[in-house]
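Everything on this sheet refers to the single structure shown next.
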Amino acid sequence: MNQDYIIPNNWSIIEEGFNAASVKSSESLFSIGNGAMGQRANFEENYSGSTFQGSYIAGVYYPDKTKVGWWKNGYPKYFAKVLNAPNWIGIHVEVNGEVVDLATCKEIKNFRRELNMKEGWYNRTFEIVLQNETQIKVNVTRFLSLDLDEVGAIKYEITPVNTDAKVVFVPYLDSGIENEDTNWEEKFWETLTVKSDENKAFIVARTLKTNFVVATFMQNNVLVNNHTADVLPVEIKKEASKISFSYEIAATKGQTVALQKFGGYTVSTNHAEENLIVAAKKVLQEAQTYGFSGLLEKQKQAWAKIWEMSDITIDGDVKAQQGIRFNIFQLNQTYLGKDSRLNIGPKGFTGEKYGGSTYWDTEAYCIPFYMATKNQNVARSLLEYRYNQLDKAIENAQQNLGFKNGAALYPMVTMNGEECHNEWEITHEEIHRNGAIAFAIFNYHRYTGDYSYIPEKGLEVLIGIARFWFQRATFSKHKNKYVILGVTGPNEYENNVNNNWYTNYIAKWCIDYAMEQIQKVQTEYSKDYQRIMSKVNLNDNELVSWKKVSENMYFPYSEEYGVFLQQDGFLDKELVKVSDLDKSQRPINQKWSWDRILRSPYIKQADTLQGFYFFEDHFTKEQLEKHFDFYEPFTVHESSLSPCVHSIQAAVLGRMEQAYTFYLRTSRLDLDDYNKEVHEGLHITSMAGTWMSIVEGFGGMRVKNDQLHFEPKIPKEWNAYTFKVNFRNAIVKVEVNHHETKVSVEGNQEIDIVVNGKSQLVKNQ
């Protein structure tokens with residue numbers, strides 16, 4: 001834990017007292033989103049202190065030209081940037097001639113901000129004394145509508161405390177925006193149009209290179225004592241990339257004046273370019289029809305519906321409860337499954353780091369959450385996202401690796417199917433992402449029971465991936481086995497290693513699974529089989545070659561320790577445990593050179609143990625215990641994806657104290673800033689792993705032989721916990737306390753479920 005200023009609360013994230021040093025951290029933690037757009041919790045008014053401005057639009061990106069010191073053949077030409085979009089939230093505020101700025105005012109009192117996760121709104125209140133001795137109270141509420149997902153709303157209230165005041169509100173739009181994260185300090189936006197229409201304003205801007213066109217818009221109303229006032233702007237100022245309205249209000253002492261601002265984006269991915277302003281006017285009209293209060297009420301109703309299915313309750317541990325709800329809330333703010341063109345970026349709408357919208361995180365961590373808390377169509381859309389980019393994956397393997405015959409290497413990071421990660425050891429070596437994509441197809445079928453995706457689309461993906469692994473493996477005469485050389489496994493603290501066990505194991509599994517599905521589709525879906533075979537030109541001789549690789553894959557193993565080795569050279573390292581590492585050296589990724597990290601035994605995240613998590617039923621509990629005891633002591637958990645896997649496995653082993661410790665770390669990774677990087681944005685994709693640590697870890701949920709199984713356990717720190725899962729269109733509720741487990745199903749359905757090894761017919765209680 002590196003910070004502890006967030007106040008524990010079951011339903012809200014709360015900060016009390018202003019601290020300039022935590023502004024960037026709070027901008028991340030209090031971020032809001034609605035699946036279509038999102039923004040960091042930047043102040044609406046001017047702030048001259050250190051800040052990281054960020055507003056983002058789903059699917060809008062920029063291909064920043066790759067910048068490296070030494071170019072190597074095969075480098076991606078660009079590193080995609082999550083674009084900082086034009087700013088619509090800005091409101092310049094003056095009181096009695098002085099600018100409201102928390103960095104320059106004379107005194108700040110009663111500063112408080114709250115992100116209400118139950119209802120989906122963000123509020124900030126404070127009192128300040130300006131340098132001119134005017135004292136004011138400020139109350140600001142902001143939300144991004146789930147129902148009208150192109151629009152957001154702000155209500156900015158000012159109450160003079162010690163004197164009458166002349167208040168000037170200057171709401172504005174600004175497209176002269178720069179990314180915090182750029183390679184060449186380029187501008188990413190070209191402003192095309194700046195215009196106003198009564199109390200509405202619009203800026204139309206286009207991204208360079210990718211040519212996304214966005215209309216940023218606003219509409220403003222002035223209120224006095226919560227009633228609309230007939231106040232017209234005294235000035236409308238247009239600049240090359242900015243437009244602002246100025247409203248002046250005379251406020252008597254104790255009187256509340258407010259600016260109500262609707263704003264947002266219409267985008268060329270959803271509207272014709274020539275109709276963007278028309279579309280903006282239409283959504284503004286809808287928002288005005290509801291009004292701020294009406295739209296906020298719809299927001300509360302929309303979130304209530306989301307929580308009805310996805311909430312996890314924890315009785316007796318407020319920090320644990322706050323942590324899991326924060327994770328579930330941020331996942332739903334990032335991706336709701338409405339648009340199959342979108343995916344789940346590792347920072348969501350909270351920052352710019354990592355560049356892409358899609359990593360292996362989606363398949364390995366996020367799909368289980370969306371399968372269980374939405375409906376299977378949402379998860380299927382995530383699978384179809386990869387199918388739609390299969391041609392790009394084949395092109396990637398051909399152009400960068402010289403592979404042939406339809407072998408597919410999916411990108412490590414992507415926006416549109418092209419690889420856009422410019423670190424060589426990641427782009428070309430962290431190839432295990434192919435395995436996660438195949439595993440997601442298997443996992444989807446296992447959980448939903450829907451096989452139709454495989455003959456319709458999934459089998460083509462599996463064939464492309466199997467062809468990749470066949471060509472990526474090399475026959476070693478020395479070992480008389482097939483080996484996979486020069487890779488980076490999930491543990492990114494080892495680059496360019498040979499025979500990473502997890503990579504080799506999932507490669508073999510992918511080939512075997514693809515062959516099984518080819519046979520099944522041939523037998524049961526003959527028309528699909530004929531269509532696919534004519535398209536991919538697969539023959540029996542190729543399958544024989546695949547099988548030879550699969551049956552003769554090499555897996556490094558230590559007889560001395562009785563464990564599979566993470567990679568061939570792991571035992572050549574000086575095996576100093578993390579517990580013997582000076583705490584002043586942590587996190588090592590911020591304290592050590594990369595060379596020192598690579599030579600160390602320290603593991604960034606679950607690697608060999610990731611394989612034991614995916615393929616749990618391939619190994620005994622005794623094998624898991626031996627590998628857990630060997631590898632966890634060397635794991636520094638400096639990846640957000642690590643603690644959740646270890647929490648699940650510790651729970652399987654009955655080590656509840658350890659499982660609980662890992663759970664707190666994954667659930668409060670950002671709230672407590674374990675890795676000292678929350679100012680850069682939140683770890684959205686790992687938040688799905690937090691959900692898994694309760695449902696699969698403590699709840700022990702598994703699907704075996706088409707049947708739902710639970711083996712619940714409960715940390716001693718909790719009195720009880722509950723969760724729901726949507727299993728094959730049956731809503732199953734699990735309630736666990738220290739004395740019993742209750743399982744029920746909603747509606748009139750009945751379902752056979754196995755609890756602690758005993759099958760039972762479950763009905764509505």
Side-chain angles (χ1 to χ4, degrees), residues 1 4 6-14 28-31 33 114-120 303-304 306-335 344 348 350 361 365-366 368-374 640-648 650-651 656 658-674 678 682-701 710 712-726 732-737:
M1 181 188 299
D4 189 24
I6 298 300
I7 295 172
N9 183 282
N10 284 329
W11 275 111
S12 290
I13 307 303
I14 299 170
S28 296
L29 294 175
F30 291 82
S31 294
E114 175 183 359
L115 180 62
N116 186 299
M117 300 180 290
K118 186 176 185 179
E119 299 178 345
W303 273 106
I306 290 171
W307 285 116
E308 174 64 26
M309 184 61 224
S310 64
D311 191 23
I312 291 178
T313 69
I314 298 172
D315 179 25
D317 189 342
V318 176
K319 280 199 166 185
Q321 178 69 87
Q322 184 182 45
I324 187 58
R325 282 185 173 144
F326 181 67
N327 284 251
I328 294 169
F329 179 72
Q330 292 294 350
L331 282 163
N332 279 291
Q333 288 202 127
T334 302
Y335 183 81
I344 307 148
T350 72
D361 308 19
Y365 296 86
C366 297
F369 169 80
Y370 286 99
M371 282 194 299
T373 64
K374 307 294 182 189
S640 63
L641 302 174
S642 191
C644 58
V645 172
H646 286 81
S647 180
I648 294 167
M656 291 304 292
Q658 203 172 13
Y660 175 74
T661 299
F662 281 126
Y663 164 76
L664 275 188
R665 177 158 184 163
T666 183
S667 69
R668 299 190 65 87
L669 179 79
D670 292 319
L671 291 174
D672 296 339
D673 198 13
Y674 274 92
V678 74
L682 304 178
H683 296 85
I684 300 299
T685 48
S686 72
M687 290 177 173
T690 302
W691 178 89
M692 294 192 302
S693 68
I694 292 182
V695 175
E696 297 182 8
F698 301 148
M701 186 184 80
F710 296 99
K713 301 178 177 69
I714 183 169
K716 62 180 174 47
E717 292 82 1
W718 300 358
N719 298 325
Y721 66 96
T722 71
F723 62 85
K724 290 181 181 179
V725 294
N726 180 350
V732 178
K733 184 177 182 180
V734 180
E735 303 171 78
V736 183
N737 61 42

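Under the 3.5 Å distance criterion, the side-chain polar atoms of Ser667 are matched with a main-chain donor or acceptor of Tyr663. The backbone N or O of Ser31 sits less than 3.5 Å from a side-chain atom of Gln333, completing a donor-acceptor pair.
A distance of 11.5 Å separates CG of Asp4 from CG of Asp673, quoted to the nearest 0.5 Å. With values rounded to the nearest 0.5 angstrom, Cys366 atom SG is found 6.5 Å from Asp361 atom CG. Atom CD1 in Ile714 sits 8.0 Å away from atom CE in Met656 (nearest 0.5 Å). Interatomic distance, Ser686 OG to Asn327 CG, rounded to the nearest 0.5 Å: 7.0 Å.
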Practice problem: Please assess Ile312 against Arg325 for the test side chain to side chain contact (heavy atoms under 4.5 Å, CB included), listing each intermediate value before the final yes or no. | Solution: CA-CA 7 Å; Ile312 291 178; Arg325 282 185 173 144; over 6 Å; no
Quiz item: Please walk me through it: do Met687 and Phe326 pass side chain to side chain contact (heavy atoms under 4.5 Å, CB included)?
Solution: CA-CA 9 Å; Met687 290 177 173; Phe326 181 67; 3.8 Å; yes
Exercise. Start with the C-alpha distance between Asp317 and Tyr660, add both sets of side-chain angles, then the distance that settles side chain to side chain donor-acceptor pair (under 3.5 Å), and finish with yes or no.
Key: CA-CA 11 Å; Asp317 189 342; Tyr660 175 74; 2.4 Å; yes
Self-check item: Verdict with supporting geometry, Glu308 and Lys724, side chain to side chain contact (heavy atoms under 4.5 Å, CB included)
Solution: CA-CA 9 Å; Glu308 174 64 26; Lys724 290 181 181 179; 2.9 Å; yes
Practice problem: Take Gln322 and Ile6 through the side chain to side chain contact (heavy atoms under 4.5 Å, CB included) test and state the conclusion after the steps. | Solution: CA-CA 10 Å; Gln322 184 182 45; Ile6 298 300; 3.8 Å; yes
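Using a 4.5 Å heavy-atom cutoff, the side chains of Ser28 and Asp670 are not in contact. Under the 4.5 Å side-chain criterion, counting only non-hydrogen atoms from C-beta, Thr373 is not in contact with Val725. Side-chain contact between Phe698 and Pro715: present, with at least one pair of heavy atoms (C-beta onward) separated by less than 4.5 Å. Between Cys644 and Tyr365, some side-chain heavy-atom pair lies under the 4.5 Å cut-off. Thr685 places none of its side-chain heavy atoms less than 4.5 Å from the side chain of Tyr335. Looking at heavy atoms from C-beta onward, Met309 lies out of side-chain contact with Lys374 at the 4.5 angstrom threshold. Side-chain contact between Ile314 and Trp718 is present, with at least one heavy-atom pair separated by less than 4.5 Å. Between Leu29 and Leu682 there is a side-chain heavy-atom pair separated by less than 4.5 Å.
Ring geometry, Trp691 versus Phe369: the interplanar angle exceeds 60°, so the pair is classed perpendicular (tilted spans 30 to 60°). Between Phe329 and Trp307, the two ring planes are parallel [angle under 30°; tilted spans 30° to 60°].
Summarising the geometry of Ala659 relative to Ser647, their closest heavy-atom pair is O-OG, 2.9 Å, with the distance given to 0.1 Å.
Side chains of Thr690 and Thr666: a donor-acceptor N/O pair is present below 3.5 angstrom, by distance only. Using a 3.5 Å distance cut-off with no hydrogens or angles, the side chains of Thr722 and Thr313 do pair a donor with an acceptor.
For Lys118, the NZ atom counts as loosely surrounded, since its 6.0 Å shell holds 12 or fewer non-hydrogen atoms of other residues, nucleotides or ligands.
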